[in-house]
Protein chains: 2
Amino acid sequence: MHILIVEDELGIVQFLQQGLQEEGYQVTTANDGSKGFELIQTQKFDLILLDWMLPKINGLDLCKAIRVKDQTTPIIFLTAKDTIQETIEGLKAGANDYIKKPFSFEELVERIKIHFRNQKGSEILTLGTIKIDSSKHVVFKNDEEVSLTQREFELLTYLVKNKGKVCTRNQILKDVWEINFEYDTGVIDVFMNAIRKKLNLKIEEDYIKTIRGIGYIANDL
Amino acid sequence: MHILIVEDELGIVQFLQQGLQEEGYQVTTANDGSKGFELIQTQKFDLILLDWMLPKINGLDLCKAIRVKDQTTPIIFLTAKDTIQETIEGLKAGANDYIKKPFSFEELVERIKIHFRNQKGSEILTLGTIKIDSSKHVVFKNDEEVSLTQREFELLTYLVKNKGKVCTRNQILKDVWEINFEYDTGVIDVFMNAIRKKLNLKIEEDYIKTIRGIGYIANDL
DNA sequence: ACTTTATCTTAAGTAAACATTAAGTTAACC
DNA sequence: GGTTAACTTAATGTTTACTTAAGATAAAGT
C-alpha cells in the first residue's frame with residue numbers, strides 16, 4: 001500500500017513517514033502542492049494525506065485538481081483549520097476524510113485503515129518491487145506500469161503465486177499452457193525472456209531464477 | 001437512501017430527522033440500542049448514525065454487533081466523548097466515521113454524502129469527459145449529447161460501473177446479455193465498435209481499452 | 001580446454017483475436 | 001400489417017500475440 005504525504009512542515013513529515021513505514025506502508029512525500037501534483041501524474045498511490053496550507057498550490061486546490069482525473073483514491077486532509085466552514089469546503093472538494101491537528105497517530109492509522117477496508121479485494125500479488133493487480137490486469141515495477149501480453153501475464157502470475165517453490169517446465173506447460181503430454185517446445189524460454197526484458201530482470205540474482213534442468217523459481221530477495 | 005438514527009436524546013433526533021428528510025433522505029429512528037438492533041435485523045439501511053451513550057445496548061457494542069453480520073453499511077458515530085482513545089475504539093469496532101457533538105448539520109450532511117458517493121448508483125456516472133445519467137438514460141461527451149441504443153447504453157454503463165476492473169467477455173455476456181453458457185459470438189465487438197464510433201474513442205489510449213484475450217476495461221485517464 | 005547439453009535470444013511464420021462492414025433477423029411502433 | 005430501428009449473425013480485413021525454429025551463449029561434464 002503506497003501512501004503520498006503532501007505536507008511542508010518537516011517535523012510532521014518525518015513523524016508521519018517513520019510511523020507509517022513502521023506500520024508497513026510504502027511512503028512518498030512532497031513538500032509543496034505542485035510537487036505533489038507532479039507525483040500524482042506519474043505514479044499511482046493508494047491513499048493521499050494532504051495538508052491544507054501548502055506552498056505553491058494549496059491543499060484545497062490540489063484536492064480539486066486530483067478529483068478531476070481520479071475520483072476514487074481516498075484523500076485525507078490534515079489541517080490546523082478547525083472552522084466548520086472550511087471542513088465542509090474540503091469535503092465538498094472531494095476529500096474523503098478530515099483530521100484536525102494536533103491529531104493522534106493512532107487515530108490517523110485507524111482512519112487510513114477504514115479507507116483501505118472499503119477498497120474491496122482487488123487481490124494484489126507482489127514479487128519484490130513488482131506488483132500484479134489481477135482485477136486490473138496490470139503489472140507495475142517500481143510503480144511504473146509495464147504492459148504484458150496475456151500469456152506473459154499468466155506465466156508471471158503463476159510463478160508469483162508459487163513464490164518460493166520451484167516450478168518445473170512440465171508443471172508450467174500443464175498449468176499455464178494446458179498441455180498435458182510430453183512435448184518438446186521452447187515456448188517457455190521465449191516467454192521468460194520476454195518477461196525478463198519487459199520487467200528488466202537480470203538473469204543472475206534477481207526475482208526470477210533459472211533452475212537448470214528443472215525449471216524456474218520466483219522469490220522476493 | 002435510507003438512514004437509521006440510533007439516538008436517545010429526543011431533541012437531537014428531531015433535529016436530525018427533520019434536517020435529513022429535507023435533504024431527501026428516508027429516515028428511521030430508534031431511541032435505544034436494542035431497538036436499533038432489531039430494526040437492523042429486519043430492514044436494510046444505507047447508512048447508520050449511532051450515538052455512543054445509549055440505553056440497553058451502548059453504541060460501541062451495537063456497532064460491533066452490526067459488523068458481525070454486515071461489514072459494508074457505513075456507520076457514523078455521533079458522540080460527546082472527545083477523548084482520542086474512545087474515538088479509536090469506535091473506529092476499531094468497525095465504524096466508518098466519527099463526529100463530535102456539538103456538530104454542524106452541514107458537516108454531517110457532507111460526511112454522509114462521502115459514504116454514499118463511495119457506494120453504487122450515484123445516478124450520474126462519469127468516465128473522463130463522458131457523463132452517463134442513468135436515470136435519464138442519456139449520455140454526454142464533452143457536454144454534447146450522444147444518442148445510444150439500449151444495448152449500447154447498457155454495455156457502456158456496465159463498463160463504467162466496473163471502472164478500473166477488467167471485464168471479461170464472458171462476464172459481459174452474462175451480465176449485459178444474460179447469456180450464461182459458453183457461446184461464441186461477435187456481438188460484443190460489434191457494440192464496442194458502435195460505442196467507440198459514437199463517442200469518438202480511439203482504440204489506442206482512450207477511456208476504453210481492449211485487453212486482448214480477456215475483454216475490455218474502462219478508465220479515466 | 002573441449003564437448004555436450006540446456007537455456008537465452010532473435011527473427012520469421014502462423015494462428016488467433018479483434019475491428020469493421022454489410023446483410024439478415026427480430027422486435028417495436030405506427 | 002407495413003415500416004423503421006435495433007439487434008444479431010456472418011464475412012472480410014487487420015492487428016497482435018503465440019509458436020516454431022535456429023543460432024548464440026552459458027553451464028556442466030569429461
Side-chain angles (χ1 to χ4, degrees), chain A residues 137-139 146-159 166-218, chain B residues 137-139 146-159 166-218:
Chain A
H137 210 266
V138 162
V139 175
V146 179
S147 137
L148 298 186
T149 71
Q150 174 62 7
R151 272 278 147 81
E152 288 163 2
F153 189 87
E154 281 171 16
L155 176 53
L156 179 64
T157 304
Y158 182 74
L159 289 171
V166 177
C167 303
T168 68
R169 284 162 172 274
N170 274 336
Q171 274 171 7
I172 294 171
L173 232 45
K174 185 166 159 282
D175 295 338
V176 180
W177 269 265
E178 299 183 30
I179 294 175
N180 288 296
F181 44 90
E182 285 288 313
Y183 178 42
D184 186 25
T185 175
V187 203
I188 297 173
D189 308 59
V190 174
F191 276 87
M192 280 306 316
N193 181 243
I195 289 171
R196 283 176 165 152
K197 204 180 243 173
K198 287 189 178 177
L199 290 173
N200 198 30
L201 300 176
K202 298 280 167 289
I203 273 181
E204 279 183 58
E205 292 306 307
D206 218 318
Y207 300 131
I208 298 174
K209 270 193 255 181
T210 306
I211 311 292
R212 197 183 168 83
I214 313 267
Y216 298 89
I217 186 171
Chain B
H137 214 266
V138 167
V139 175
V146 179
S147 137
L148 297 186
T149 70
Q150 179 64 10
R151 273 278 146 83
E152 288 163 0
F153 187 85
E154 281 171 18
L155 176 54
L156 179 64
T157 304
Y158 182 74
L159 289 171
V166 176
C167 303
T168 67
R169 283 164 170 274
N170 274 335
Q171 277 170 7
I172 294 171
L173 232 44
K174 185 165 159 282
D175 296 338
V176 180
W177 270 265
E178 299 183 30
I179 295 175
N180 289 294
F181 43 91
E182 286 286 313
Y183 179 44
D184 186 26
T185 174
V187 204
I188 297 174
D189 308 59
V190 176
F191 276 86
M192 279 305 316
N193 184 243
I195 289 171
R196 283 177 166 154
K197 205 179 244 174
K198 287 190 178 177
L199 290 172
N200 198 30
L201 301 176
K202 299 278 167 290
I203 273 181
E204 278 183 59
E205 293 305 308
D206 217 319
Y207 301 132
I208 299 175
K209 269 194 258 180
T210 306
I211 311 288
R212 185 166 255 260
I214 309 267
Y216 298 89
I217 186 171

Residue whose closest nucleotide on DNA chain D lies nearer the 5' end, B/Ser147 versus A/Ile179: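 With B/Ser147 and A/Ile179 compared, the 5'-side residue is B/Ser147.
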Determine whether B/Ile188 and B/Tyr216 satisfy the following criterion, side-chain contact (heavy atoms from CB on, under 4.5 Å), listing intermediate values before the conclusion. CA-CA 10 Å; B/Ile188 297 174; B/Tyr216 298 89; 3.8 Å; yes
Over how many whole Å does the gap from [X] atom [atom1] to [N] atom [atom2] extend?
X        : N      : atom1 : atom2 : result
A/Ile214 : C/dT5  : CD1   : C1'   : 14 Å
A/Leu148 : D/dC18 : CG    : P     : 10 Å
A/Arg212 : D/dA28 : CZ    : C1'   : 6 Å
B/Tyr216 : C/dC18 : OH    : P     : 6 Å
B/Asp189 : C/dT21 : CG    : P     : 14 Å
B/Lys209 : C/dA19 : NZ    : P     : 14 Å
B/Glu154 : D/dT8  : CD    : P     : 10 Å
A/Leu155 : D/dA17 : CG    : P     : 16 Å

Distance test, side-chain N/O of [X] to OP1/OP2 of [N], below 4.0 Å:
X        : N      : value
A/Arg196 : C/dC8  : yes
A/Thr149 : D/dT16 : no
A/Asn193 : C/dT9  : yes
A/Thr210 : C/dA6  : no
B/Trp177 : D/dC7  : no
B/Lys197 : C/dA19 : no
A/Arg151 : D/dT19 : yes
B/Tyr183 : D/dT8  : no
A/Thr185 : D/dT20 : yes
A/Arg169 : C/dA6  : no

Quick one: which of B/Thr185, B/Asn180, B/Val187 gives a side chain to side chain contact (heavy atoms under 4.5 Å, CB included) with B/Tyr183? B/Thr185
A/Phe153 near the nucleic acid: base, sugar-phosphate alone, or nothing, with a heavy-atom cut-off under 4.0 Å? nothing
Pick base, sugar-phosphate or nothing for A/Gln150, based on heavy-atom distances below 4.0 Å to the nucleic acid. sugar-phosphate
Want to settle it: does B/Val190 or B/Ile211 sit nearer the 5' end of DNA chain C, counting the closest nucleotide to each? B/Ile211
Is the ring pair B/Phe191/B/Trp177 parallel, tilted or perpendicular, if the boundaries are 30 and 60 degrees? perpendicular
Using 4.0 Å as the upper bound for N to carboxylate O, is an ion pair formed by B/Asp184 and B/Arg169?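 The answer is no: the pair does not qualify as a salt bridge.
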Within a radius of less than 6.0 Å around NZ of A/Lys209, do more than 12 heavy atoms belonging to other residues, nucleotides or ligands occur? no
CD (A/Glu178) with more than 12 external heavy atoms under 6.0 Å: no
